[in-house]
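Values in this document were obtained by computation on a predicted structure and should not be read as measured data. Count residues from 1 along the sequence.
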Amino acid sequence: MKLHASFTQNHGLFVSCTVKGHADYTKKDPRGQILCAAVSSAVQLICNTLTECFGAAVTITELPSETAQNTLGFRLDAPDPVQSELLHGLLIHLQALAEDFDGMITVSLENAEC
């Protein structure tokens with residue numbers, strides 16, 4: 001299984017991030033477990049910074065599953081440039097993790113001009 005992070009940009013502002021899936025791991029190769037912890041921590045940090053430090057209105061999606069098809073995401077209800085740049089930083093961070101972890105996570109960006 002693989003992790004996938006998708007970001008949405010609207011009119012030049014980053015407005016949402018959703019992470020789905022789970023990285024595989026074994027006792028001999030725990031990298032997937034390490035990656036999942038790193039991704040979860042980064043997403044929680046940004047979400048908490050937005051809501052607790054900036055008071056941003058955020059819609060959160062969390063769907064745990066027995067089959068590890070987990071989904072964790074959030075969408076800014078009224079994004080501003082500073083909040084958008086926090087999401088941009090998360091995008092850059094997850095892209096770096098994708099490089100470090102040999103494609104165990106994919107990262108995509110969608111433009112939703114509406």
Side-chain angles (χ1 to χ4, degrees):
M1 189 174 303
K2 192 177 214 179
L3 278 170
H4 179 72
S6 58
F7 289 79
T8 305
Q9 202 173 25
N10 192 350
H11 298 291
L13 295 176
F14 291 90
V15 297
S16 70
C17 170
T18 301
V19 179
K20 293 182 181 182
H22 200 291
D24 289 330
Y25 62 91
T26 65
K27 287 183 180 180
K28 290 183 179 182
D29 185 5
R31 293 179 313 134
Q33 195 171 24
I34 294 165
L35 174 61
C36 283
V39 169
S40 293
S41 180
V43 171
Q44 290 174 352
L45 172 67
I46 295 302
C47 192
N48 287 335
T49 300
L50 287 165
T51 58
E52 303 303 317
C53 299
F54 287 97
V58 174
T59 300
I60 298 172
T61 304
E62 185 176 13
L63 301 170
S65 168
E66 292 177 11
T67 61
Q69 292 289 333
N70 300 317
T71 299
L72 175 61
F74 60 93
R75 178 174 201 73
L76 295 168
D77 295 340
D80 69 23
V82 172
Q83 296 167 5
S84 171
E85 285 306 302
L86 285 170
L87 277 177
H88 187 198
L90 179 60
L91 169 71
I92 293 166
H93 181 69
L94 296 184
Q95 287 172 328
L97 286 173
E99 291 177 17
D100 291 344
F101 282 86
D102 302 321
M104 294 174 76
I105 178 173
T106 57
V107 182
S108 65
L109 174 60
E110 175 186 327
N111 286 307
E113 304 294 330
C114 42

When you compare the side chain of [Y] with that of [X], does any pair of heavy atoms fall below 4.5 Å?
{"X": "Leu90", "Y": "Cys17", "answer": "yes"}
{"X": "Glu110", "Y": "Ser6", "answer": "no"}
{"X": "Phe74", "Y": "Thr18", "answer": "no"}
{"X": "Phe101", "Y": "Ile34", "answer": "yes"}
{"X": "Cys36", "Y": "Leu3", "answer": "yes"}
{"X": "Val39", "Y": "Leu97", "answer": "yes"}

* **Inter- and intrachain pairs under salt bridge (charged side-chain N to carboxylate O under 4.0 Å, His left out), touching residues 72-84, at least two apart** => none
* Structure fact -> salt bridge (charged side-chain N to carboxylate O under 4.0 Å, His left out) pairs touching residues 29-41, sequence neighbours excluded, are Asp29-Arg31, Arg31-Asp102
* ILVMFWY network linking Leu72 to Val15, side-chain heavy atoms under 4.5 angstrom -> no
* When clusters are formed by joining ILVMFWY residues with side-chain heavy atoms under 4.5 Å apart, either directly or through shared neighbours, do Leu76 and Val82 land in the same one? -> yes
* Structure fact -> Of all heavy-atom pairs linking Val107 and Ala98, the shortest is CG2-CB, 4.5 Å
* Asked: Closest heavy-atom contact between Ala23 and Met104?
  -> CB-CE, 4.1 Å
* **For Ser40, side chain to side chain donor-acceptor pair (under 3.5 Å) partners two or more places apart** => none
* Asked: Under the side chain to side chain donor-acceptor pair (under 3.5 Å) test, which residues partner Glu85, sequence neighbours left out?
  -> His88
Please output the side-chain donor-acceptor pairs of residues 49-58 that fall under 3.5 Å, not counting sequence neighbours, one pair per line with the distance.
{"from": "Thr49", "atom 1": "OG1", "to": "Leu45", "atom 2": "O", "distance (Å)": "2.7"}
{"from": "Thr51", "atom 1": "OG1", "to": "Cys47", "atom 2": "O", "distance (Å)": "3.0"}

* To do: Would you confirm whether Lys2, through its side chain, and Lys20, through its main-chain N or O, come within 3.5 Å as a donor-acceptor pair?
  => no
* Structure fact -> One should read off an interatomic distance between Ile46 CD1 and Leu91 CG, to the nearest 0.5 angstrom, of 11.0 Å
* **With Leu109 via side-chain contact (heavy atoms from CB on, under 4.5 Å) - residues at least two apart** => Phe7, Gln9, Phe14
* What's the verdict on side-chain contact (heavy atoms from CB on, under 4.5 Å) for Leu35 and Ile105, showing C-alpha distance, side-chain angles and the deciding distance? -> CA-CA 8 Å; Leu35 174 61; Ile105 178 173; 4.1 Å; yes
* Applying side chain to side chain donor-acceptor pair (under 3.5 Å), which residue pairs with at least one partner in residues 91-100 are found, sequence neighbours left out? -> none
